[in-house]
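All residue numbers refer to positions in the sequence shown, counting from 1. Note: hydrogens, waters and symmetry copies are ignored here, and every other heavy atom, side chains too, is used.
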Amino acid sequence: MFKHILFLATTVVAAIVVPGDAPDPSQVSIRGITYAGSGCPANSVGQFLSTDASTFTLIFSSFTAQVGATTQPMDARKFCQINLDLHYPQGFQLSVLSTTFRGFVSLDKGVTATLSALYYFSGPNQNQARTSTMFHGPEFEPYTAVSNVGFTSLVWSPCGANWPLNVQTAVAVVSDNATAHSGFIENDTLDGNVKFVAGIQWRRCSPAAA
């Protein structure tokens, strides 16, 4: 359950993008992950960093929003605030480049589901980028939602420090008549989990920015 649109508030960073320029994957790691929210109870999120340090995956086991005659108002929206403590060499910056969500959606006619993610780094310059996707009923099927963040919308980590990356995710369902039209967006895939994959782009810091 998640949304995908593109929004941004960025500032100019004194660094040069070098295609294919990235740190040694052995020097990149997720040192820790913390999360909280109605969509991610304790011990419900798994993590994976690819061997080439280009993607990381978060796996949710309890992330479902739903509406219907027997649901409560709080069931219609779920969220998860995630903090990733990323370690990478000095002299590099990273940015979220693309996202992929996988799960299942079941919506009657007149029901809409949205899934979203907001990205920003901790620290003094909290520039943000947002991705979002909407589903309109009737719909009953697994989904794979992919969003690519435009180059000018990339949120770069600060040079000279490993500030944590914050990912604020949310899922919501709205019905034009909850007593007659129901729906849900959930994390049930073939492996029983919703996977959120974020592509990572790297660039070197300039001497002035490091």
Exercise for review: Verify, without hydrogens or angle tests, whether Q93 (side chain) and S157 (backbone) share a donor-acceptor contact under 3.5 angstrom.
Suggested key: yes
Review point. Transitively linked via ILVMFWY side-chain contacts under 4.5 Å: V174 with F79?
Key: no
Practice item. Kindly say whether the aromatic ring centers of Y88 and W202 come within a distance under 6.0 Å. Key: yes
**Study point:** Non-hydrogen side-chain atoms of K78 and D75 separated by less than 4.5 Å
**Key:** yes
Practice item. Enter the distance from Q128:CD to Q168:CD here, rounded to the nearest 0.5 Å. Key: 8.0 Å
Practice item. Check for a donor-acceptor pair, side chain of H136 on one end and backbone N or O of T112 on the other, with a separation under 3.5 Å. Key: no
Point to revise | F135 and Y143 aromatic centres sub-6.0 Å | key: yes
Practice item. Ignoring hydrogens and angles, tell me if any N or O in the side chain of Y35 forms a donor-acceptor pair with the backbone of N43 under 3.5 Å. Key: yes
Point to revise | Any side-chain heavy-atom pair of F140 and F104 under 4.5 Å | key: yes
Check your understanding: Any side-chain heavy atom of V173 sitting closer than 4.5 Å to one from L107?
Key -> yes
**Study point:** Side-chain (S61) to main-chain (S44) donor-acceptor, under 3.5 angstrom
**Key:** yes
Review point. When you check the side-chain N and O atoms of S175 and D108, is any donor under 3.5 Å from an acceptor?
Key: no
